[in-house]
Amino acid sequence: MSSTRHILTAVAWPYANGPRHIGHVSGFGVPSDVFSRFQRMSGHDVLMVSGTDEHGTPVQVLADQEGVSARELADRYNRVIAEDLVALGLSYDLFTRTTTANHYAVAQELFTGLLDNGYVFTKTTQGAISPSTGRTLPDRYVEGTCPICGYDGARGDQCDNCGNQLDPIDLIDPRSKINGETPEFVETEHFMLDLPAFADVLGEYLRSKSDTWRPNVLKFSLNLLDDMQPRAITRDLDWGVPIPLEGWSDQANKRLYVWFDAVVGYLSASIEWAKRSGDPEAWRAWWQGDGAESYYFMGKDNIVFHAEIWPAMLLGYSGAGDKGGEPGALGALNVPTDVVSSEFLTMEGRKFSSSRRVVIYVRDFLERYDADALRYYIIAAGPETQDTDFTWAEFVRRNNDELVAAWGNLVNRSISMAAKNLGEIPEAGPLTDEDRRVLDASQAAFATVGARLDRSQFKAAIQEAMRTVAEANKYISDSAPWALKKTDPERMKTVLHVALQLVSDAKTLLTPFLPHTSTKVHEMLGGTGVWTGMPRLEEVTDSIGGEDGTSTYSVITGTYAGNEARWESVPIVPGTPLSPPTPLFTKLDPKIVDEELARLEEAAG
RNA sequence: GGGCCGGUAGCUCAGUUGGUCAGAGCAGAGGACUCAUAAUCCUUGGGUCGCGGGUUCGAGCCCCGCCCGGCCUACCA
């Protein structure tokens with residue numbers, strides 16, 4: 001913990017086929033930001049990257065339905081999603097998109113490297129094609145009657161009724177889920193990633209993580225090793241990254257499969273960040289060598305890509321699979337240090353579903369409530385290690401009892417008393433044993449909360465941090481400084497000094513979770529400078545892959561180096577002027593619970 | 001069908017390798033205080049740890065079976 005580490009925070013890429021809801025940001029967004037802010041406060045060099053995942057059939061299908069191009073649709077949701085993530089205060093060093101020319105080049109480089117090392121081969125398969133568009137119909141977009149149980153709504157990949165895995169060509173009376181037409185089945189050639197060639201090295205890799213990874217991620221991944229199959233990495237579709245090979249790149253209908261280019265995004269975004277920073281080689285410090293660590297944040301549905309496939313791609317590119325090989329042009333690349341997967345949030349007992357409108361979009365939420373209130377709920381009550389249920393009643397309770405009544409009130413009562421009676425931070429006189437005890441406990445919390453955060457145990461971390469808030473409230477109640485005003489004004493000053501020191505420490509401990517309101521407390525206590533950096537949208541002009549010329553689009557970036565916030569107790573400065581405080585958090589009227597539930601019912605029909 | 005995860009007080013959830021592990025917060029009841037967004041502080045009632053077997057001196061914690069819910073099973077975190 002003492003020396004500087006290079007920490008890559010790799011955040012799952014939200015899919016650009018619509019706005020994201022609070023379940024999405026519970027999985028990848030808020031936890032990754034808490035982690036990154038903490039590591040920066042601890043003095044480490046953090047690079048936090050992500051972007052929108054814009055290729056693939058779902059975007060194309062939705063664009064067709066709306067009568068716009070895939071690119072137009074992706075542009076729209078890239079902007080919506082980026083704005084929402086900024087509003088939440090997620091401190092990306094770079095949040096970009098998969099449609100940049102840089103991303104195309106890096107994804108193609110990974111493909112070429114894997115091909116050169118012999119981990120990619122071609123295979124001819126039967127694929128479903130839409131006669132009207134000529135596009136591939138992915139298995140899930142073909143439905144028909146199950147040949148095994150006779151269920152009519154079976155999908156091309158599996159039957160939801162009997163659970164058997166299917167091949168779309170076996171379906172009786174197949175039809176396109178998109179427009180109902182009967183698909184054609186044609187022979188088509190695709191590239192496959194030779195995953196079995198990585199079974200041994202992946203097993204070794206995963207077993208080396210048995211002490212640090214969350215058990216569910218580890219068990220799930222180890223289990224996958226028993227049945228490794230080659231996996232297609234190209235697709236018959238025109239919306240994607242072209243295959244960088246003669247005879248393929250000019251085929252308008254052959255592209256890299258979206259999952260392949262999406263996971264490469266972590267690397268391409270790091271490289272893009274380096275270019276923008278002025279040192280094109282700077283990304284290497286986070287990707288190569290023993291000193292580089294990488295932490296990947298996502299929801300549980302993405303474990304297979306991050307704990308299995310992406311490591312396999314990195315190993316293959318580096319020449320480290322069963323077939324050996326040489327590192328590609330970028331050099332050998334590190335596999336993930338940790339894969340931090342969240343479980344799922346449910347919504348008032350139901351599964352989130354955009355199509356059924358059982359959903360709360362981030363944007364709608366933040367129009368009515370504060371970002372820190374949502375961040376707090378997600379960390380304190382979110383799906384860190386098991387599915388949890390979001391309810392409006394619990395949101396209101398957490399906000400009112402824990403943020404307003406416990407933490408907000410501690411700030412308010414402490415600063416109010418000091419401001420009204422003294423107008424400044426008072427000097428401490430002789431300390432009692434109790435004074436020393438609470439101050440020591442507050443200092444000790446940096447180690448305990450920090451250890452939790454370093455291991456991505458966010459729920460335990462915020463509980464420990466909030467415990468210091470409860471301790472401080474108890475200290476003030478027990479010491480009753482208001483009663484000392486007439487009997488022992490010197491002692492009152494000491495008590496208020498101690499109380500304000502506790503507030504200052506708690507504000508620091510809570511900064512990774514509550515960056516907006518912690519900044520307010522920093523300022524209330526007379527602090528200056530930028531306490532903890534906030535992300536901003538920046539318009540950039542660059543070449544978008546596959547198109548001539550340049551385009552303007554927005555990325556998220558920010559300045560986080562040199563912020564005031566440090567992960568340590570900083571002595572408050574006696575004599576600093578204090579003004580009567582304004583409330584940190586908004587107390588919510590319990591009747592919003594019924595209002596929100598009514599809104600949900602109305603939307604869901 | 002297969003794999004994985006979960007089912008602990010009214011509610012939301014903690015419970016490392018089996019032996020004060022039957023817990024926390026909230027809600028409920030009683031009391032203290034008044035600095036503070038009537039916030040805070042103290043005390044307190046409450047649970048067959050999904051069901052049925054088994055291993056053990058001893059099991060929420062290990063094994064077997066079953067019920068319920070979630071995720072993955074090749075493009076929804």
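Side chains included, hydrogens not; waters and symmetry mates left out as well; all remaining heavy atoms used. Below, read A as the first sequence line, B as the second, and so on, with proteins coming before strands; counting in each chain starts at 1. Values in this document were obtained by computation on a predicted structure and should not be read as measured data.
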Do the side-chain N or O atoms of [X] get closer than 4.0 angstrom to the phosphate oxygens (OP1, OP2) of [N]?
{"X": "A:K300", "N": "B:C72", "answer": "no"}
{"X": "A:Y257", "N": "B:C75", "answer": "yes"}
{"X": "A:K420", "N": "B:A36", "answer": "yes"}
{"X": "A:T385", "N": "B:A14", "answer": "yes"}

Member of A:I309, A:D261, A:L193 meeting the side-chain contact (heavy atoms from CB on, under 4.5 Å) criterion with A:I233: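 Output: one option passes, namely A:L193.
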Could you check which of B:C26, B:U37, B:C75 has an atom nearest any side-chain atom of A:D401? B:C26
Quick one: look up who B:C35 pairs with, Watson-Crick or G-U, both distances under 3.5 Å, and put none if it's unpaired. none
Using purine N1 to pyrimidine N3 plus N6-O4 or O6-N4 for Watson-Crick, or N1-O2 and O6-N3 for G-U wobble, both under 3.5 Å, which nucleotide pairs with B:G23? B:C13
Heavy atoms only, 4.0 Å cut-off, all strands: where does [X] land among base, sugar-phosphate and nothing?
{"X": "A:L345", "answer": "base"}
{"X": "A:P230", "answer": "base"}
{"X": "A:K474", "answer": "sugar-phosphate"}
{"X": "A:T57", "answer": "base"}
{"X": "A:A405", "answer": "sugar-phosphate"}
{"X": "A:V304", "answer": "nothing"}
{"X": "A:S26", "answer": "nothing"}
{"X": "A:P583", "answer": "base"}
{"X": "A:F297", "answer": "nothing"}
{"X": "A:M298", "answer": "sugar-phosphate"}
{"X": "A:I303", "answer": "nothing"}
{"X": "A:R397", "answer": "sugar-phosphate"}

For [N] and [M], measure between their [atom1] atoms and round to the nearest Å.
{"N": "B:A14", "M": "B:G25", "atom1": "C1'", "result": "10 Å"}
{"N": "B:C51", "M": "B:A59", "atom1": "P", "result": "15 Å"}
{"N": "B:C62", "M": "B:G15", "atom1": "P", "result": "14 Å"}

With distance as the sole criterion, do the side chain of A:N409 and the base of B:A39 form a donor-acceptor contact below 3.5 Å? no
Toward the 5' end of RNA chain B, which comes first, A:E402 or A:N473, by nearest nucleotide? A:E402
Between A:K459 and A:T586, who's closer to the 5' end of RNA chain B by nearest nucleotide? A:K459
Can you tell me which residue among A:H21, A:H24, A:R20, A:R363 is in a side chain to side chain donor-acceptor pair (under 3.5 Å) with A:D84? A:R363
Without swapping roles, check the side chain of [X] against the backbone of [Y] for a donor-acceptor pair under 3.5 Å.
{"X": "A:D338", "Y": "A:W213", "value": "no"}
{"X": "A:T468", "Y": "A:A465", "value": "yes"}
{"X": "A:D194", "Y": "A:F121", "value": "no"}

Examine A:F395 together with A:F365 and report whether their ring centres are nearer than 6.0 Å.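 A:F395 vs A:F365: aromatic centres under 6.0 Å.
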Grab the NE2-P distance between A:H190 and B:A74 for me, whole Å please.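 Whole-Å distance recorded here is 16 Å.
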Could you tell me whether B:G60 is syn or anti, where syn means a glycosidic angle within 90 degrees of zero? syn
